[in-house]
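These notes are about the structure you will find just below.
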Amino acid sequence: MTATLVKEASPPTTVGAGTPRRPRRRGRTIALLFVFPALLLLGALVVYPVLFSIGRSFFDASGTRFVGGENYTEMFRDPATLKAVRNTAIWVVVAPALLTGLGLILAVLVEKVRWATAFKLLLFMPMAVSFLAAGIIFRLAYDEDPDKGVLNAAVVSVHDAFTGTSSYPTARARDGQGLDKAADGSYGTTRSAAPGDTVALGLVGVRPDDLPADARPAFRAAGLDAAPGELRGVVYLDFTPGGGGEQGKVDRRESGLPEMTVEAVRDGRTVASTTTASDGSFRFPDLADGSYTVRLPAGNFAPPYEGISWLGPALVTPAIIGAYLWIWTGFAMVLIGAGLSTLPRDALEAARMDGANEWQIFRRITVPLLAPVLTVVFVTLVINVMKVFDLVYIIAPGPVQEDATVLATQMWLVSFGGGNNQGLGSALGVLLLLLVIPAMVFNVRRFRRSQR
């Protein structure tokens, strides 16, 4: 019989209960060492300031006397703070909605542009501009002086192209020289005129730049006699270059005022109207017998159109929101465009094959599929506009700063910009934090759901 030797397997080595935990503890320790600098910075730059601001909000302006919730009560009694809350609400409602809508439209349209990459780059470039530089740019663009502000220069050009401008905005009549100024700004003769008369209407105060290049001396026109049934006259600049001359009389070197509207008025009603020639002369032929008042309407002396007061109390907030849109539209377009590139093309092609037009595809397929991306963009922008400070502080001029103020600027103004009340400023900071936290929590949850 052959004996078979069977070698018994050695019993398994028993590992102590504490042995597997050592590598885990060591890994956690190494991870904490790497994370510790970030946690230290987070605590120093975020956690500590938040806790300090919360504590500081319960003390008075000097920081020595505990006042409890008095700062929070004062915050909602202050008209400036209430206006800041109102403006912040306008920002939160308007700016993110407009940006998300513009970003969506541009992202869809860019897909159909041949040079899509270059177009995206141009729209995204304002993101590289600091808020300080953007604020200075738009402060100049919104300047009310058309010679400085590019927007008002365009508005004035369009306005003048359709309605024209007054000929002599600075002109006026001398006292006691035959012209009286009416309440509406027009000038009328003090004495009545009749057909067959010739009248001379002298004005002063005309700037050399306002005098047309084709203006000619009025002396000859003033010496012409009126034809029967005709009322004739001349409007002239009652000023002789270099001095000399006689007031109320047309001298040889005094210029006529062309392109000025003249009216013949009888019993308070305008019966005839004409425009002066290059030498300032005018005539009303075939007038009925009777007495007339020769009038220079107020439109001849109206001040030039100066454009829109973009930075006035009524428009300053929309104007600043416009600057914000210029900066952030590219950001919204790029994020939405990234989401648009991941959409299933087969669904879009199937809809086209079923006869759906581009608007139906956009409304019923593209927008619903992009809803998660649009939500993230919208909430991110809401968080951002709640903290807007630079644009408001730089663009809004001093007299309308209070009309444009938001919570961030109000917090700075109360704490450091002259108020010197850091207790109230800390309360405003806590209010701003409480408003931002829900949007942040919502965004974090959205990110976690997308990762799952």
After noting the C-alpha distance and the side-chain angles of Val85 and Gln410, does the key distance pass the side chain to side chain contact (heavy atoms under 4.5 Å, CB included) rule? CA-CA 9 Å; Val85 172; Gln410 185 65 18; over 6 Å; no
Assess the residue pair Arg216 and Glu254 against the criterion (salt bridge (charged side-chain N to carboxylate O under 4.0 Å, His left out)); give the C-alpha distance rounded to whole Å, side-chain angles, the decisive distance to 0.1 Å, and a yes or no. CA-CA 9 Å; Arg216 290 165 30 192; Glu254 291 178 342; over 6 Å; no
Is the number of heavy atoms from other residues, nucleotides or ligands within 6.0 Å of CE (Met125) greater than 12? no
Tell me whether Arg56 contacts the main-chain N or O of Asp60 through its side chain, where contact means a donor paired with an acceptor under 3.5 Å. yes
Taking the ring of Phe34 and the ring of Phe36, is the distance between their centroids below 6.0 Å? no
State, with a plain yes or no, whether a side-chain heavy atom of Trp91 is found less than 4.5 Å away from one of Val392. yes
Distance, nearest 0.5 Å, that separates CD1 of Ile105 from OG1 of Thr329: 10.5 Å
Quick check, are the ring centers of Phe301 and Tyr187 under 6.0 angstrom apart? yes
Aromatic plane relationship, Trp412 with Tyr393 - under 30° parallel, 30 to 60° tilted, over 60° perpendicular: perpendicular
Less than 4.5 Å apart, any side-chain heavy atom of Thr261 and any of Leu296? no
Considering only residues two or more places apart or on different chains, which pairs with a residue in residues 367-390 satisfy side-chain hydrogen bond (donor to acceptor under 3.5 Å, both in side chains)? Tyr324-Asn384, Thr380-Asn443
From Lys83 atom NZ to Asp403 atom CG, the distance as rounded to the nearest 0.5 Å: 4.5 Å
